[in-house]
There are 2 protein chains.
Amino acid sequence: MKDYSSIINNINRYVSLSSEEEENLVSIIKTSRIKKKQFIIQPGFVCHSRTYIVEGAFRVYYLDKDGKEHTVSIGVEDWFVTDFQSYIDQSPAVNFAEALEDSLIFQMRYDDIEALCKKFHNLSEYFRLTTEKAFAFSRRRVISSISNTAEERYDEYVAKYPHIVQRVPQYILASYLGMSAEFLSKIRKQKMQKS
Amino acid sequence: MKDYSSIINNINRYVSLSSEEEENLVSIIKTSRIKKKQFIIQPGFVCHSRTYIVEGAFRVYYLDKDGKEHTVSIGVEDWFVTDFQSYIDQSPAVNFAEALEDSLIFQMRYDDIEALCKKFHNLSEYFRLTTEKAFAFSRRRVISSISNTAEERYDEYVAKYPHIVQRVPQYILASYLGMSAEFLSKIRKQKMQKS
DNA sequence: AAGGTTTCTTAATCTACTTCATTTTTAGTC
DNA sequence: GACTAAAAATGAAGTAGATTAAGAAACCTT
């Protein structure tokens with residue numbers, strides 16, 4: 001019997017699952033270990049599952065026409081990783097999702113989740129509420145990327161996710177924050193000198 | 001008996017409402033007419049409702065520390081307008097929502113929606129599915145704002161929303177796309193000359 | 001139709017950030 | 001513990017786009 005407490009606790013922060021619901025949910029989970037640098041999503045392939053990170057870290061990124069990397073999201077324990085567009089309409093992904101560390105993940109397939117959401121009101125509510133949060137978060141990021149300077153965006157991120165800053169290579173963080181790796185390096189240098 | 005067919009049709013694109021569900025939903029709708037330039041959301045006040053646009057157009061924007069406007073969203077008929085962060089945790093808004101034209105709206109309060117989502121599985125599903133779409137959309141916008149040039153962002157918008165481009169002042173579109181009004185004017189001039 | 005307000009244009013100057021090319025540091029591997 | 005690869009730093013030169021300030025259209029409103 002595996003330990004699903006991490007994801008169950010996550011869900012129970014939003015709704016109260018009955019044991020029947022819990023059993024059904026657990027039954028659609030597939031567990032995998034993923035080595036650092038391994039991909040779980042690649043462009044051209046449909047993103048069939050939502051992936052929950054039990055241990056480890058991932059990033060989602062894509063390559064633009066000039067071959068430059070842009071990091072869409074960075075996730076650690078207790079977060080989900082997806083190419084969301086690919087997932088919701090089961091169309092080919094445009095992003096890569098890559099393990100930044102050796103990781104342990106739970107995966108639940110689209111069809112199974114949709115079936116459970118139709119069957120259990122509570123699960124529908126869980127995904128509704130968490131997606132609402134994710135959407136609000138994404139809007140704040142749009143605002144930030146439109147109206148803040150590179151340095152402000154970096155400061156904001158450090159204030160909010162100090163633990164992630166330590167764990168993730170700087171050039172990846174730069175590409176997440178929408179600036180060049182060199183410029184982030186320069187920003188950090190300035191801060192070192194001031195303090 | 002008012003005509004709620006626009007919003008009901010919207011919902012029925014995602015789920016099939018029973019007549020009981022439909023009645024309950026309609027019962028929480030408040031209809032208003034809003035004059036151009038009037039605000040329906042203002043910073044400091046909680047955004048109590050989801051607003052559905054029956055006729056007209058709105059924009060959500062906020063003022064940064066330098067007093068510059070940044071447009072978060074632009075909506076026309078059959079769209080929703082919200083300060084989403086304020087709405088989902090019923091905290092004070094940071095944005096304005098302003099009518100760009102004389103408009104007709106339906107408003108549904110947070111408490112009423114949450115109660116109906118708890119009561120009716122179908123409504124929970126409707127909001128889950130639409131929010132998932134909105135989230136995917138927002139992610140694409142983040143990517144676009146991080147990795148495309150101003151001109152590319154403009155082209156993308158024109159291709160996708162040609163009808164909205166006509167209806168909305170240019171300086172508002174510029175602030176939505178994350179560029180100065182002057183620069184958008186320059187981009188448009190270039191295009192005129194090329195063709 | 002006149003007067004005022006709002007929106008759009010144009011051009012000059014300025015700057016936040018990129019790009020490129022090289023070097024140094026850190027981390028991973030046999 | 002040496003070797004290689006990956007990541008970070010550094011500095012010079014270039015550029016996309018902002019800012020400023022002024023004038024020209026477009027638009028309400030009486």
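The basis for the numbers below is simple: all heavy atoms, side chains too, and nothing from hydrogens, waters or symmetry mates. All values reported here derive from a predicted model rather than from experimental measurement. Letters A, B, ... mirror the listed sequences (proteins, then strands); counts begin at 1.
Rounded to an integer number of Å, the gap from CG of A/Leu184 to P of D/dA8 is 9 Å. For the pair A/Gln190 CD and C/dA16 P, the computed distance is 10 Å after rounding to whole Å. Here the P atom of nucleotide D/dA25 and the CE atom of B/Met192 are 14 Å apart, to the nearest Å. Straight-line distance from the CD1 atom of A/Ile187 to the C1' atom of C/dC17: 9 Å, rounded to whole Å. A straight line from CD1 of B/Ile146 to P of D/dG17 spans 15 Å, rounded to a whole angstrom. A straight line from CG of A/Leu173 to P of D/dA9 spans 12 Å, rounded to a whole angstrom. Atom NZ of B/Lys186 and atom C1' of C/dC8 are 14 Å apart (whole Å). Taking atom CG on B/Asp64 and atom C1' on D/dA18, their separation rounds to 13 Å, with Å as the unit.
Checking the phosphate oxygens (OP1, OP2) of D/dA6, no side-chain nitrogen or oxygen of A/Lys37 falls inside 4.0 Å. The shortest distance between the side-chain N/O atoms of B/Lys68 and the OP1/OP2 oxygens of D/dT19 is below 4.0 Å.
For A/Tyr62 and A/Phe96, the ring centers sit 6.0 Å or farther from each other.
Of the candidates C/dT18, D/dA18, D/dA8, D/dA18 carries the atom nearest the B/Ser180 side chain, counting heavy atoms from C-beta on. Picking from D/dC28, D/dA8, C/dC8 the nucleotide with the shortest atom distance to the side chain of A/Gln170 gives D/dA8. In this structure, the nucleotide among D/dA7, D/dT10, C/dT9 sitting nearest to the side chain of A/Tyr171 is D/dA7. Taking every side-chain heavy atom of A/Thr149 into account, C/dC17 is the closest of D/dA7, D/dG17, C/dC17. Of all nucleotides listed (D/dG11, C/dT7, D/dT20), D/dT20 comes nearest to the side chain of B/Glu182. Closest to the side chain of B/Ser185, out of C/dT7, C/dT9, C/dC17, is C/dT9.
At distances below 3.5 Å, at least one donor-acceptor pair connects side-chain atoms of B/Asp3 with backbone N or O atoms of B/Ser5. Under a 3.5 Å cut-off, the side chain of B/Gln85 and the backbone N or O of A/Phe137 do not form any donor-acceptor pair.
Nearer the 5' end of DNA chain D, as judged by each residue's closest nucleotide, is the contact made by B/Phe183, out of B/Lys36 and B/Phe183.
Of the residues A/Ile105, A/Ile41, A/Val76, A/Ile74, the one that meets the side-chain contact (heavy atoms from CB on, under 4.5 Å) test with A/Phe58 is A/Ile105.
How far OG of B/Ser49 is from NZ of B/Lys30: 7.0 Å, rounded to the nearest 0.5 Å.
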